[in-house]
Amino acid sequence: MKTRKQISRFFIFISGLLALVGCGGSGSSGFDARFDQEQQLITRVNAESVCEESNGTLFCSGNKTGDSIGKNNEFSMIITAQSEPSVSCVLETNLGPCGLKVGIQDIKGFQSDTQYFMAVRYQAPFSTHWEIVPSPFVAVPSSDLPKAEIVVPIRGVSSVTSSRVDLAVLAYPSGTNPATSDGLLSSFKARVAFVVTDVTVTPQP
């Protein structure tokens with residue numbers, strides 16, 4: 001027969017296990033809540049073509065919607081990867097990523113030495129996590145406003161399949177790199193993030 005001390009130790013052990021399970025669940029739900037909040041913000045700034053700050057990063061629409069881009073805000077740019085019904089990428093081999101050429105135009109409000117990074121989030125297949133393209137780039141002067149161009153490697157594209165992604169341009173002061181991220185766009189600690197969503201990428205015919 002078990003003693004009272006043995007029974008007491010058993011219940012302490014079970015309580016400890018339940019506490020560990022509870023901690024794991026709350027961590028996951030905590031990320032889910034922050035993901036939902038950030039996704040609602042991204043949807044809102046793109047729907048209204050405005051900028052809105054969250055966790056130290058200014059989120060802005062990168063869609064081409066005329067004069068409403070970044071209205072009432074000092075920063076703006078247009079990400080020209082989005083078109084209807086899809087954009088083409090260069091597929092060098094059927095096993096490697098497809099190179100999507102992304103143009104950034106009408107860059108306003110940034111210092112000339114601002115450093116930019118591209119971030120990608122895959123919608124098909126779905127992922128909650130943003131990924132950084134490692135190579136930074138800078139804007140170059142033009143006859144009108146500064147502009148830039150970068151080739152973004154997109155996975156999951158083959159001669160018979162396409163991929164759907166969200167894209168973001170992250171702006172940092174010169175010499176500053178993205179922070180280690182837990183998958184949310186805000187955790188890269190960019191000064192400004194310009195976002196376009198639901199870009200369907202197909203291989204170039």
Side-chain angles (χ1 to χ4, degrees), residues 38-39 42-43 45-46 49 51 57-66 68-70 75-93 96-127 129-158 161-172 174 176-178 181 183-186 188 190-205:
E38 184 173 282
Q39 188 57 36
I42 290 172
T43 300
V45 299
N46 273 297
S49 295
C51 297
T57 296
L58 188 66
F59 284 73
C60 297
S61 169
N63 290 313
K64 188 173 183 179
T65 54
S68 63
I69 288 291
F75 303 108
S76 68
M77 70 171 59
I78 297 171
I79 302 172
T80 58
Q82 194 167 19
S83 62
E84 295 295 340
S86 63
V87 293
S88 296
C89 60
V90 177
L91 188 65
E92 294 186 3
T93 70
C98 201
L100 174 64
K101 187 178 291 184
V102 178
I104 298 98
Q105 300 178 347
D106 297 353
I107 300 173
K108 301 176 185 176
F110 296 97
Q111 298 291 328
S112 60
D113 60 351
T114 295
Q115 186 168 256
Y116 302 95
F117 285 82
M118 287 295 306
V120 181
R121 181 175 62 186
Y122 289 84
Q123 293 286 354
F126 177 73
S127 172
H129 286 61
W130 287 87
E131 305 172 14
I132 280 284
V133 178
S135 303
F137 60 96
V138 295
V140 296
S142 68
S143 57
D144 188 11
L145 290 167
K147 59 184 181 180
E149 188 174 85
I150 184 173
V151 176
V152 180
I154 303 296
R155 300 191 305 272
V157 179
S158 71
T161 60
S162 60
S163 184
R164 196 169 79 252
V165 298
D166 298 333
L167 298 172
V169 176
L170 310 181
Y172 296 86
S174 177
T176 304
N177 291 321
S181 173
L184 295 178
L185 197 58
S186 59
F188 288 117
R191 183 187 181 196
V192 186
F194 287 87
V195 187
V196 293
T197 58
D198 295 320
V199 180
T200 300
V201 184
T202 59
Q204 198 172 67

Smallest separation among heavy atoms of [X] and [Y], with atom names:
X    : Y    : result
T197 : I42  : CG2-CG2, 3.8 Å
A168 : L185 : CB-CD2, 3.9 Å
L170 : A193 : CD2-CB, 3.5 Å
P153 : V133 : CD-CG1, 4.2 Å
A148 : V138 : CB-O, 3.8 Å

Can you tell me how far the [atom1] atom of [X] sits from the [atom2] atom of [Y], to the nearest 0.5 Å?
X    : Y    : atom1 : atom2 : result
I79  : L167 : CD1   : CG    : 7.0 Å
N46  : C60  : CG    : SG    : 10.0 Å
R164 : T200 : CZ    : OG1   : 6.0 Å
D106 : K147 : CG    : NZ    : 10.0 Å
F194 : S61  : CZ    : OG    : 9.0 Å

Checklist entry - I154 versus P97: any side-chain heavy-atom pair under 4.5 Å? => result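 Contact flag for I154/P97 side chains = no.
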
Item to check | Y172 and N177, any side-chain heavy atoms less than 4.5 Å apart | outcome: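 No. Closest side-chain heavy atoms not under 4.5 Å.
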
Checklist entry - Do S163 side-chain atoms and V201 backbone N/O form a donor-acceptor pair below 3.5 Å? => result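 Looks like no, no N/O pair under 3.5 Å.
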
Checklist entry - Is the side chain of Y122 donor-acceptor paired with the backbone N or O of R155 at a distance under 3.5 Å, no angle test? => result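 Yes: the side chain of Y122 pairs with the backbone of R155.
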
Partners passing side chain to side chain donor-acceptor pair (under 3.5 Å) against [X] (at least two apart in sequence or in another chain):
X    : value
S181 : S187
T161 : S158
S186 : E38

Next on the checklist: Using the salt bridge (Lys or Arg N to Asp or Glu O under 4.0 Å) criterion, which residues pair with R191? Sequence neighbours excluded.
Outcome noted: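 If we apply the salt bridge (Lys or Arg N to Asp or Glu O under 4.0 Å) test to R191, skipping adjacent residues, there are no hits.
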
Checklist entry - Among all residues two or more places apart in sequence or in another chain, which pass the side-chain contact (heavy atoms from CB on, under 4.5 Å) test with E149? => result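 side-chain contact (heavy atoms from CB on, under 4.5 Å) check on E149 returns K101.
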
Next on the checklist: Could you go through F137 and V102, starting from their C-alpha distance and side-chain angles, then the distance that decides it, and tell me whether this counts as side-chain contact (heavy atoms from CB on, under 4.5 Å)?
Outcome noted: CA-CA 12 Å; F137 60 96; V102 178; over 6 Å; no

Could you tabulate the donor-acceptor pairs under 3.5 Å formed by side-chain atoms of residues 111-121, not counting sequence neighbours?
{"residue": "T114", "atom": "OG1", "partner": "Q111", "partner atom": "N", "Å": "3.3"}
{"residue": "T114", "atom": "OG1", "partner": "Q111", "partner atom": "O", "Å": "2.9"}
{"residue": "Q115", "atom": "NE2", "partner": "T176", "partner atom": "O", "Å": "2.7"}
{"residue": "R121", "atom": "NE", "partner": "D166", "partner atom": "OD2", "Å": "3.2"}
{"residue": "R121", "atom": "NH1", "partner": "Q39", "partner atom": "OE1", "Å": "3.2"}
{"residue": "R121", "atom": "NH2", "partner": "Q39", "partner atom": "OE1", "Å": "2.5"}
{"residue": "R121", "atom": "NH2", "partner": "D166", "partner atom": "OD2", "Å": "2.8"}

